[in-house]
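A short write-up of the structure that comes next.
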Amino acid sequence: MIKTNHLKKIYRTEEVETTALNEVDIQIQQGEFVSIMGPSGCGKSTLLNILGLIDNPDGGEYFFLEEEVARYSERKRANLRKNNIGFIFQSFNLIDELTVFENVELPLIYTKVGARERKKRVDEVLERMNMMHRRNHFPQQLSGGQQQRVAVGRAIVNNPKIILADEPTGNLDSANGDDVMKTLVHLNQEGATIIMVTHSQYCAEFGNRIIRMLDGQVVTENVVKQYL
């Protein structure tokens, strides 16, 4: 499903050149739940941005759903992204001016789903996230745990093939963090491929495999448990 060969990413300023990714080779199969760990600045979020088609690498190859996409334009990346990937962020990234319903609905508008079908899908997701009673509230009226449940709902409303989660429990207490992790496990059991960046060993072990990074390189890969 995902494969990188000698992936490189370099950030340059007038004075400094920083190698964020250095010859990264990974493979992720359909149905896996992969956790990516490492210290701050090791390149894991940069890798996630490239895997999520938000950014392009400066070298190497990236195969996404068997397409080599490393040099795709932003428009081609956006088309692949909106139809195949759901994102969950540490800071939730909800739009304050939109209601819970409207935040979850947004990806369906981008993919031109009709109004009746949008309502049906959003209602189903809000029921699943136990947020139907908050459908007309705004993000600032919700707790952190509730905001992240809305963010998860937004990520899955388009039934994406891949869910990318960047520190999804980072701003949550342990109880709400556990709820998010259990939701991700259930989504994975239903067939979604999940790639999660985390600092937490506890959260990482909810996955099938842990990739550890240091200084822009993959240093170890460990199977936690077999996936179906």
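Keep in mind it's a predicted model, so treat the numbers as computed, not measured.
Minimum heavy-atom separation, C203 to S35: O-OG, 4.4 Å. Closest of all the heavy-atom pairs between A192 and I163 is CB-CD1, 4.1 Å. Smallest separation of non-hydrogen atoms from V125 and G153: CG1-CA, 3.3 Å. Closest approach of T193 to G31, counting heavy atoms only: OG1-N, 2.8 Å. Here the closest non-hydrogen pair linking M213 and V24 is CE-CG2, 4.4 Å. For A155 against P160, the heavy-atom pair with the smallest separation is O-CG, 3.2 Å.
Two different hydrophobic clusters hold V152 and F138 under the rule that ILVMFWY side chains link at heavy-atom gaps under 4.5 Å. Taking hydrophobic clusters as Ile, Leu, Val, Met, Phe, Trp and Tyr residues chained together by side-chain heavy-atom distances below 4.5 Å, L184 does not share a cluster with M1. Under the 4.5 Å side-chain contact rule for hydrophobic residues, F87 and L80 share a cluster. L106 and L142 fall into different hydrophobic clusters, defined by Ile, Leu, Val, Met, Phe, Trp and Tyr side-chain heavy atoms under 4.5 Å apart, directly or through other members. V34 and L51 end up in the same hydrophobic cluster when Ile, Leu, Val, Met, Phe, Trp and Tyr side chains are linked at under 4.5 Å.
With hydrogens and angles ignored, the 3.5 Å screen pairs a side-chain donor or acceptor of E32 with a backbone N or O of Q29. The backbone N or O of I50 sits nowhere less than 3.5 Å from a side-chain atom of N56 that would complete a donor-acceptor pair. Although no hydrogens or angles enter the test, the distance criterion places no donor-acceptor pair under 3.5 Å between the side chain of N84 and the main chain of K161. At distances below 3.5 Å, at least one donor-acceptor pair connects side-chain atoms of R149 with backbone N or O atoms of M129. K44 places a side-chain N or O within 3.5 Å of a backbone atom of G38 that can act as its donor or acceptor partner. Side-chain N or O atoms of R212 include none that pairs as donor or acceptor with a backbone N or O of V219 at under 3.5 Å. Put simply, the side chain of S73 gets close to the backbone of K76: a donor and an acceptor are under 3.5 Å apart. N93 places no side-chain N or O within 3.5 Å of a backbone atom of F89 that could act as its donor or acceptor partner. A side-chain donor-acceptor contact under 3.5 Å links N103 to the backbone of T99. Counting only distance, with no hydrogens or angles, the side chain of R135 and the backbone of F101 share no donor-acceptor pair below 3.5 Å.
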Worked check of side-chain hydrogen bond (donor to acceptor under 3.5 Å, both in side chains) between Y11 and E17: CA-CA 6 Å; Y11 294 108; E17 180 175 288; over 6 Å; no
Chi angles and distances behind the side-chain contact (heavy atoms from CB on, under 4.5 Å) call for K9, L47: CA-CA 9 Å; K9 184 67 179 180; L47 177 59; over 6 Å; no
Stepwise side-chain contact (heavy atoms from CB on, under 4.5 Å) test for N208 and V224: CA-CA 5 Å; N208 310 119; V224 179; 5.9 Å; no
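Checking H199 against E167 by side-chain atom types alone, a donor-acceptor pair falls below 3.5 Å. Residues D166 and Q90 bring no donor and acceptor atom of their side chains to less than 3.5 Å of each other.
The distance from atom OG1 of T18 to atom CD1 of I10, rounded to the nearest 0.5 Å, is 9.5 Å.
Taking 4.0 Å as the cut-off between side-chain N and carboxylate O, K182 and D178 do not count as a salt-bridged pair. Under the 4.0 Å criterion applied to side-chain N and carboxylate O atoms, R118 and E124 are not assigned as salt-bridge partners.
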